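A short worksheet on the structure shown next.
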There are 2 protein chains.
Amino acid sequence: MVSKKVRGSTTGRPIMALLDLLGRRWVLRIVWELREKPRRFRELQELIGGASPTIVNTRLRELREACLIEIDPEAGYRLTALGQELLKLFLPLHLWSEKWAKAVRES
Amino acid sequence: MVSKKVRGSTTGRPIMALLDLLGRRWVLRIVWELREKPRRFRELQELIGGASPTIVNTRLRELREACLIEIDPEAGYRLTALGQELLKLFLPLHLWSEKWAKAVRES
DNA sequence: TCCTGTTACTACATTTTATGTAGCGCCGTG
DNA sequence: CACGGCGCTACATAAAATGTAGTAACAGGA
């Protein structure tokens with residue numbers, strides 16, 4: 001039973017489960033920080049701004065259960081093929097976020 | 001001062017502020033549920049699965065401050081032009097989530 | 001062998017955030 | 001003027017995240 005019941009997603013619709021997973025604190029950030037190369041636990045923790053090890057570990061576990069990241073004992077945590085696909089969908093956010101920040105600042 | 005200090009995003013980099021905002025509980029879900037048409041407060045609350053009015057209101061305020069949604073007194077809450085752009089970036093997620101769910105199930 | 005450092009975590013008390021339920025004030029209809 | 005729908009707000013309880021400390025495994029050096 002890999003697709004364990006995720007918080008509030010009782011519909012069974014994948015998009016809801018995904019939005020729920022990605023909407024948890026630090027999850028988007030973790031995936032983002034793994035975009036370049038694998039990272040070790042502590043390195044990752046510092047990159048995302050010093051979240052507690054408790055929650056970092058919890059999220060890493062959830063992401064592993066979701067097949068988005070995996071552990072390479074040689075290199076640390078890295079995105080799976082699936083995780084990389086997801087990241088690709090998110091890359092345009094980087095560019096868009098600049099535009100957004102500008103618009104918000106001017107409002 | 002619109003770009004108020006968001007949780008943990010001290011870098012000033014827009015992408016970090018954006019990931020932080022979108023990583024808050026219910027935010028992705030709210031944007032998603034506004035994809036088709038404007039929704040009223042209570043309607044939205046039920047669509048996303050019955051989050052408390054307290055938090056729904058908090059998130060709606062944050063999203064308004066981020067210029068992603070706005071209120072139309074006639075119709076309720078709706079995405080701004082900026083919000084719709086963001087949503088467009090997320091639409092591929094819908095299709096991808098099906099593939100992801102399948103892969104996770106088989107793992 | 002013992003010391004030191006690095007790794008990935010876990011424990012737990014405190015603080016922050018979300019929930020659940022109730023209810024308020026405003027408006028339009030009958 | 002009662003009624004229902006609207007967008008909230010109040011507040012006590014419950015859940016989640018933080019901060020700090022510490023554990024256990026492994027590696028290299030004296």
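Being a predicted model, the structure only gives us computed values, none of them experimental. Proteins get letters first, then strands, A, B, ... in listed order; numbering begins at 1 in each.
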If I take atom [atom1] in residue [X] and atom [atom2] in nucleotide [N], what distance separates them, rounded to the nearest angstrom?
X: B:Phe41; N: C:dC24; atom1: CZ; atom2: P; result: 17 Å
X: A:Gln45; N: D:dT20; atom1: CD; atom2: P; result: 12 Å
X: B:Leu44; N: D:dG7; atom1: CG; atom2: C1'; result: 12 Å
X: A:Ile55; N: D:dG19; atom1: CD1; atom2: P; result: 12 Å
X: B:Glu46; N: D:dG5; atom1: CD; atom2: P; result: 12 Å
X: A:Glu74; N: D:dA27; atom1: CD; atom2: P; result: 11 Å
X: A:Asp20; N: D:dA15; atom1: CG; atom2: C1'; result: 14 Å
X: A:Arg61; N: C:dT10; atom1: CZ; atom2: P; result: 6 Å

Options D:dA16, C:dG20, D:dG7, nucleotide nearest the side-chain atoms of B:Arg25: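 Of all the options, the side chain of B:Arg25 is nearest to D:dA16.
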Options D:dT20, D:dA10, D:dA17, nucleotide nearest the side-chain atoms of A:Arg59: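 The answer is D:dA17, which lies nearest to the side chain.
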Could you pick out which residue, A:Arg64 or B:Ala51, lies toward the 5' side of DNA chain C when each is mapped onto its nearest nucleotide?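 The residue mapped nearer the 5' terminus is A:Arg64.
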Nearest-nucleotide wise, let me know which of B:Gly50 and B:Arg42 is further upstream toward the 5' end of DNA chain C.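 First, find each residue's nearest nucleotide; the 5'-ward one identifies B:Gly50.
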With a cut-off of 6.0 Å (strictly less than), are more than 12 heavy atoms of other residues, nucleotides or ligands near CD of B:Glu43?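 Correct, the count exceeds 12.
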Under 4.0 angstrom between A:Trp26 side-chain N/O and D:dT18 OP1 or OP2: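 For D:dT18, OP1/OP2 do have a side-chain N/O of A:Trp26 under 4.0 Å.
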Between A:Asn57 and C:dA8, does any side-chain N or O lie under 4.0 Å from OP1 or OP2?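 Looking at the OP1 and OP2 atoms of C:dA8, neither is under 4.0 Å from any side-chain N or O of A:Asn57.
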Return yes if some donor-acceptor pair links the side-chain N/O of B:Trp100 with the main-chain N/O of A:Ala66 below 3.5 Å, else return no.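 The answer is yes, because a donor-acceptor pair under 3.5 Å joins these two groups.
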Can you say whether a donor on the side chain of B:Arg40 sits under 3.5 Å from an acceptor on the base of D:dG7, or the other way round?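 Answer no: no donor N or O sits under 3.5 Å from an acceptor.
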Once hydrogens and angles are ignored, does a donor-acceptor distance under 3.5 Å link the base of C:dA18 to the side chain of B:Thr58?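 By the distance-only test, no, there is no pair.
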With a 4.0 Å cut-off on N to O distance, would you call A:Lys102 and A:Glu106 a salt bridge?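 Yes.
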Are B:Arg29 and B:Glu33 within salt-bridge range, i.e. N to O under 4.0 Å?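 Salt bridge between B:Arg29 and B:Glu33, a charged N being under 4.0 Å from a carboxylate O: yes.
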5'-most by nearest nucleotide on DNA chain D - B:Ala75 or B:Thr54: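 Looking at DNA chain D, the more 5' nearest nucleotide goes with B:Ala75.
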For residues 47-94 of chain B, pull every pair meeting ring pair (Phe, Tyr, Trp, His ring centres under 6.0 Å), keeping only residues two or more places apart or in separate chains.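 Output for this query lists A:Phe90-B:Phe90, B:Trp32-B:His94.
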